[in-house]
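Have a look at the structure below, then the notes.
All residue numbers refer to positions in the sequence shown, counting from 1. Just so it is clear, the values below take in all heavy atoms, side chains as well, and ignore hydrogens, waters and symmetry mates.
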Amino acid sequence: MKSKLFILVYVLVVTALILAACAPQQGVTQAPPEEKKLRVVNLINGVLGDKSFFDSANRGMEMAKKDFGIEVKTIEAGIDPAKWKPALEDAAANEEYDILIVGTFQMSEFLQEVAPKYPDKKFIIYDVSVDYSKCDCKNVYSVTYKQNEGSYLAGLYAGLMSQSKIVGVIGGQDIPVINDFIVGYKQGAKDAGVSEQNVIVQYAGGWNDPAKGKEIALAMYQQGADIVFNVAGGTGVGIFQAAQEVNKYAIGVDSDQALIIETTNPEQAKHILTSMMKNVDNSLYRAIKLYLEGKLPFGQAEALGIAEGGVGLAKNKYYEEMTPADVKAKIDQAEKDILEGKIVVDTVFK
């Protein structure tokens, strides 16, 4: 009996000591459990350094990392299209992530196959939407851009600034998203008094060939164009080289390319009048913010235009210095007219 009593007392004492150790002590603040950081993989089906599209996406990730304290891993899948699907499959299966981000139309069908295999993971695709009717993609958020609206402004601007009333545009490939740039550009140029036959259009056939971009741009300048619009990613770097060489002008794309290029070639930057901003950086930053707030609409697509800050012209120091006041006023009015529905911009996505 004494033995049982001793054991009972012993158990009670030990239990009391454990509870005392676990209880918060008066005047001592217990550290809250460490909050788990959001882990994001940014898969690029290309390489950084294009001074345009992918650099803009990377910039958005860096902004989100700084402001929201997330973890970001960027994977460059390279310029060989045969490696893009395996890179996505490998990242989805083997990387540690909460959200995996990819971009460009080439990746949409791949993501339609991959995303349903990982229903507990989230995916974001930009510049294109997955086809939700063809996949169980309720864990995918798609963001597209009204590049036709921004390109209308670029075409209007080119037409108003052109002395020869001949302008050019070089696309990376003959694909719907690039043609959406071109139809908007043509419409804007027409509204500025440029005839349709004086909008020279050519496709480079790729995104990472500056020599090809320069060759095509030089030919356009020789045909009388005094402004050429870059819609060719890294290939478009050659357009700027050509503009500097023959003392003509260019319009950049996706990022504010004049401000990027001036860090290494300030003389060349003076030949980039403005850029049609496809604000990939802002859209991805916005998506991460909405996700952290529990408001990102997975399972659907959003299209961001002028109203949402998705597209627009870069009104930097070069624009301010080289653009006459009457042209600035017409551009500002066109922005308002698009927002109010007075100007309806053509699109290939109907």
Side-chain angles (χ1 to χ4, degrees), residues 29-45 48 53-75 88 91-92 95-105 107-108 110-112 114-133 135-147 149-150 177 254-256 277-312 314 335 338-339 349:
T29 303
Q30 286 191 317
E34 186 176 345
E35 190 173 335
K36 186 180 177 182
K37 289 185 177 182
L38 180 69
R39 299 166 300 178
V40 178
V41 168
N42 176 31
L43 177 67
I44 293 173
N45 57 309
L48 294 176
F53 188 79
F54 289 128
D55 283 357
S56 180
N58 189 62
R59 200 161 49 244
M61 290 293 92
E62 291 301 316
M63 289 161 51
K65 182 179 178 180
K66 177 177 178 290
D67 289 354
F68 306 135
I70 66 174
E71 294 181 0
V72 178
K73 180 177 181 178
T74 296
I75 299 173
L88 175 60
E95 295 291 339
E96 293 186 358
Y97 63 94
D98 301 299
I99 302 176
L100 193 154
I101 299 176
V102 295
T104 81
F105 78 98
M107 302 300 287
S108 59
F110 302 155
L111 188 60
Q112 286 168 202
V114 170
K117 297 177 182 178
Y118 304 94
D120 296 330
K121 299 290 187 179
K122 301 296 186 183
F123 298 86
I124 295 172
I125 189 166
Y126 58 94
D127 204 34
V128 69
S129 174
V130 294
D131 187 340
Y132 291 97
S133 69
C135 68
D136 184 14
C137 290
K138 54 182 173 290
N139 56 341
V140 178
Y141 165 73
S142 304
V143 57
T144 62
Y145 310 92
K146 297 177 183 178
Q147 54 272 320
E149 290 185 355
V177 68
D254 295 334
S255 298
D256 191 340
M277 304 284 283
K278 180 183 279 190
N279 295 316
V280 177
D281 51 358
N282 292 343
S283 68
L284 294 183
Y285 179 92
R286 170 182 177 272
I288 296 299
K289 183 175 185 293
L290 289 175
Y291 177 84
L292 292 170
E293 295 171 352
K295 299 177 181 177
L296 192 63
F298 286 100
Q300 59 182 281
E302 284 190 299
L304 307 182
I306 291 174
E308 299 82 9
V311 297
E335 290 175 343
I338 291 172
L339 291 174
F349 298 108

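- No side-chain donor from either of T104 and D127 sits under 3.5 Å from a side-chain acceptor of the other.
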Intermediate values then yes/no, side-chain contact (heavy atoms from CB on, under 4.5 Å), M61 and V40
CA-CA 9 Å; M61 290 293 92; V40 178; 3.9 Å; yes
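- Y118 is linked by a side chain to side chain donor-acceptor pair (under 3.5 Å) to nothing, counting only residues two or more places apart in sequence or in another chain.
- By the salt bridge (Lys or Arg N to Asp or Glu O under 4.0 Å) test, E95 is found to be paired with K73, residues two or more places apart in sequence or in another chain being considered.
- Contact of the S108 side chain with the I125 side chain is registered, since non-hydrogen atoms from C-beta on lie closer than 4.5 Å.
- For E96, there are no side chain to side chain donor-acceptor pair (under 3.5 Å) partners two or more places apart in sequence or in a different chain.
- What you find for V143 and S283 is that their closest heavy atoms are CG2-CB, 4.3 Å.
- Among residues two or more places apart in sequence or in another chain, the ring-ring contact (aromatic ring centres under 6.0 Å, His included) test is passed with F110 by none.
- When the salt bridge (Lys or Arg N to Asp or Glu O under 4.0 Å) test is applied to K146, no partner is found at least two apart in sequence or on another chain.
- Proximity of a side-chain donor or acceptor of N279 to a complementary backbone N or O of G309 within less than 3.5 Å is detected.
- Between the side chains of S142 and Y126, no donor N or O sits under 3.5 Å from an acceptor N or O.
- For Y145, there are no ring-ring contact (aromatic ring centres under 6.0 Å, His included) partners at least two apart in sequence or on another chain.
- Taking the six-membered ring wherever Trp is involved, the centroid distance between the rings of Y141 and Y291 does not fall below 6.0 Å.
- Looking at residues two or more places apart in sequence or on another chain, you find a salt bridge (Lys or Arg N to Asp or Glu O under 4.0 Å) between D98 and R39.
- L292 CG to L38 CG: the interatomic distance, rounded to the nearest 0.5 Å, is 5.5 Å.
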How far apart are the C-alpha atoms of M277 and V311, what are their side-chain angles, what is the distance that settles it, and do they pass the side-chain contact (heavy atoms from CB on, under 4.5 Å) test?
CA-CA 5 Å; M277 304 284 283; V311 297; over 6 Å; no
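- Side-chain contact check for L43 versus I101: every heavy-atom pair is 4.5 Å or farther apart.
- For N139, the side chain to side chain donor-acceptor pair (under 3.5 Å) test picks out no residue, with sequence neighbours left out.
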L284 vs I124, side-chain contact (heavy atoms from CB on, under 4.5 Å): CA-CA, chis, key distance, verdict
CA-CA 9 Å; L284 294 183; I124 295 172; 4.3 Å; yes
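- Listed by chain and number, the residues in a side chain to side chain donor-acceptor pair (under 3.5 Å) with D55 amount to none (sequence neighbours excluded).
- The distance from atom OG of S56 to atom NZ of K278, rounded to the nearest 0.5 Å, is 10.0 Å.
- The CD atom of Q300 sits 10.0 Å away from atom OG of S129, with the distance rounded to the nearest 0.5 Å.
- Applying the ring-ring contact (aromatic ring centres under 6.0 Å, His included) test to F105 and every residue at least two apart in sequence or in another chain returns nothing.
- In this structure, the separation between CZ on F54 and CG on N42 is 9.0 Å, given to the nearest 0.5 Å.
- Checking side-chain atoms of K121 against main-chain N and O of L100 turns up no donor-acceptor pair under 3.5 Å.
- Listed by chain and residue number, nothing satisfies the ring-ring contact (aromatic ring centres under 6.0 Å, His included) test with F123 (two or more places apart in sequence, or in another chain).
- Residues V102 and N45 are not in side-chain contact: their nearest non-hydrogen atoms beyond the backbone lie 4.5 Å or more apart.
- At a threshold of 4.5 Å between non-hydrogen side-chain atoms, the residues L111 and V140 count as touching.
- Residues T74 and I44 are in side-chain contact: their nearest non-hydrogen atoms beyond the backbone lie under 4.5 Å apart.
- For the pair K66 and Y285, the minimum side-chain heavy-atom distance is 4.5 Å or more.
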I'd like to know whether M107 forms a side-chain contact (heavy atoms from CB on, under 4.5 Å) with V128, so could you lay out the CA-CA distance, the side-chain angles of the two residues, the decisive distance to 0.1 Å, and finally the verdict.
CA-CA 9 Å; M107 302 300 287; V128 69; over 6 Å; no
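- Listed by first then second residue, pairs satisfying salt bridge (Lys or Arg N to Asp or Glu O under 4.0 Å) with a partner in residues 281-310 read R59-D281, R286-E302, K289-E293, E293-K295, not counting sequence neighbours.
- The backbone N or O of D131 sits less than 3.5 Å from a side-chain atom of Q112, completing a donor-acceptor pair.
- The side-chain heavy atoms of I70 and K37, taken from C-beta on, include no pair separated by under 4.5 Å.
- Geometrically, K122 engages F298 in a cation-pi contact defined by less than 6.0 Å to the ring centre and at most 45° from the axis.
- Using modelled atom types, one side-chain atom of E149 and one backbone atom of I306 make a donor-acceptor pair closer than 3.5 Å.
- Contact check for I288 versus M63: no side-chain heavy atoms found under the 4.5 Å cut-off.
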